[in-house]
Peer 1: 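Structure provided below as structure tokens; questions to follow.
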Amino acid sequence: MSTWTDRARLTVRGRVLLLDLGEEVGFYTESGPRRARYLLVGRLSPVEALRLGLPRQGVLHYPLAVDPLDFEWEGETLVLPGLRVYLGGAPPFVETPYFAWRVSALTPKAR
């Protein structure tokens with residue numbers, strides 16, 4: 001299954017959800033600033049990771065045991081159990097233990 005949004009391509013492959021943003025962007029996450037092109041949600045083996053063909057760098061991985069089809073879009077926010085990805089920028093408050101929001105291009109690059 002694959003779908004496009006105005007900002008990203010969302011794909012469900014096996015037990016994982018993969019969001020391809022098309023370019024590396026800055027995120028602020030529960031563990032601090034990061035840069036990533038891909039957001040990967042789900043648990044997978046090293047062999048499954050190789051099959052996805054993702055690079056070693058530029059992947060924000062959340063190894064949550066969730067059904068990859070159990071997602072919703074709320075405006076510019078990707079919603080999964082325990083995780084919110086705010087593509088439109090910082091939210092007024094964080095609703096889940098795991099989160100990532102896209103930082104503005106004016107913000108210094110996260111490492």
Side-chain angles (χ1 to χ4, degrees):
M1 175 185 147
S2 177
T3 187
W4 283 94
T5 71
D6 61 339
R7 292 184 180 248
R9 180 177 183 168
L10 180 101
T11 306
V12 174
R13 292 189 181 171
R15 299 177 304 167
V16 299
L17 181 141
L18 178 65
L19 190 66
D20 180 353
L21 299 168
E23 65 180 351
E24 193 171 273
V25 298
F27 281 100
Y28 188 81
T29 72
E30 72 286 340
S31 59
R34 298 273 311 270
R35 292 196 59 77
R37 173 182 173 168
Y38 301 98
L39 177 91
L40 182 64
V41 181
R43 293 186 179 161
L44 67 164
S45 71
V47 172
E48 290 170 315
L50 286 174
R51 286 187 187 142
L52 289 175
L54 297 174
R56 290 179 175 248
Q57 301 274 325
V59 179
L60 185 55
H61 183 203
Y62 288 96
L64 303 174
V66 299
D67 178 354
L69 294 174
D70 190 15
F71 71 89
E72 294 181 32
W73 284 104
E74 293 179 359
E76 293 186 295
T77 303
L78 176 63
V79 178
L80 287 135
L83 171 67
R84 299 283 190 276
V85 180
Y86 304 94
L87 295 177
F93 59 91
V94 177
E95 305 172 46
T96 55
Y98 298 104
F99 61 87
W101 66 72
R102 190 172 180 167
V103 296
S104 165
L106 302 175
T107 305
K109 289 186 177 183
R111 293 188 189 264

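Worth knowing before you read on, the calculation uses all heavy atoms, side chains too, and leaves out hydrogens, waters and symmetry mates.
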Peer 1: If you look at every heavy atom in Arg15 and Arg43, which pair is closest and at what distance?
Peer 2: NH2-O, 3.6 Å
Peer 1: Test of understanding: clusters of I, L, V, M, F, W, Y form through side-chain heavy atoms closer than 4.5 Å, transitively. Do Phe71 and Leu52 belong to the same one?
Peer 2: no
Peer 1: How many angstroms lie between atom CD of Glu72 and atom OG1 of Thr77, to the nearest 0.5 angstrom?
Peer 2: 11.5 Å
Peer 1: Would you kindly confirm whether Val66 and Val85 end up in one hydrophobic cluster when ILVMFWY residues are joined by side chain heavy atoms under 4.5 Å apart?
Peer 2: yes
Peer 1: Quick check: is Leu10 connected to Tyr98 through a chain of hydrophobic side chains (ILVMFWY, heavy atoms under 4.5 Å apart)?
Peer 2: yes
Peer 1: Within a strict 4.5 Å, meaning less than it, do heavy atoms of the Leu19 and Val41 side chains meet?
Peer 2: no
Peer 1: How close do Tyr86 and Glu95 get, counting heavy atoms only, and between which atoms?
Peer 2: OH-N, 3.7 Å
Peer 1: Please check if Phe27 and Leu64 belong to a single hydrophobic cluster, counting links between Ile, Leu, Val, Met, Phe, Trp and Tyr side chain heavy atoms closer than 4.5 Å.
Peer 2: yes
Peer 1: Going through the distances and angles, do Leu44 and His61 end up as a side-chain contact (heavy atoms from CB on, under 4.5 Å)?
Peer 2: CA-CA 10 Å; Leu44 67 164; His61 183 203; 3.6 Å; yes
Peer 1: List the atom of Gly89, the atom of Trp101, and the distance in Å for their closest heavy-atom pair.
Peer 2: O-CB, 3.6 Å
Peer 1: So which heavy atom on Ala100 is nearest to which on Thr29, and how close?
Peer 2: CB-CG2, 4.0 Å
Peer 1: I need the single residue from Leu39, Leu80, Leu40 that forms a side chain to side chain contact (heavy atoms under 4.5 Å, CB included) with Tyr62. Which is it?
Peer 2: Leu39
Peer 1: Mind listing the closest non-hydrogen atom pair of Val25 and Arg102 along with its distance?
Peer 2: CG1-NH2, 3.1 Å
Peer 1: Kindly check if the number of other-residue, nucleotide or ligand heavy atoms within 6.0 Å of OH (Tyr38) is above 12?
Peer 2: yes
Peer 1: Any side-chain heavy-atom pair from Pro81 and Asp70 closer than 4.5 angstrom?
Peer 2: yes
Peer 1: Of all heavy-atom pairs between Pro97 and Gly82, which one has the smallest distance, and what is that distance?
Peer 2: CD-O, 3.7 Å
Peer 1: For Asp20 and Thr11: C-alpha separation, side-chain torsions, deciding distance, then whether side-chain contact (heavy atoms from CB on, under 4.5 Å) applies.
Peer 2: CA-CA 8 Å; Asp20 180 353; Thr11 306; over 6 Å; no
Peer 1: If only atom types and distance count, is the side chain of Glu24 paired as donor or acceptor with the main-chain N or O of Arg37 below 3.5 Å?
Peer 2: no
Peer 1: Mind checking the CD-CZ spacing from Gln57 to Arg34? Nearest 0.5 Å is all I need.
Peer 2: 9.0 Å
Peer 1: Is there a donor-acceptor pair closer than 3.5 Å between any side-chain N or O of Ser45 and the backbone N or O of Glu48?
Peer 2: yes
Peer 1: With Leu17 as reference, evaluate Leu83, Leu78, Leu69 under the side chain to side chain contact (heavy atoms under 4.5 Å, CB included) test and give the passing residue.
Peer 2: Leu78
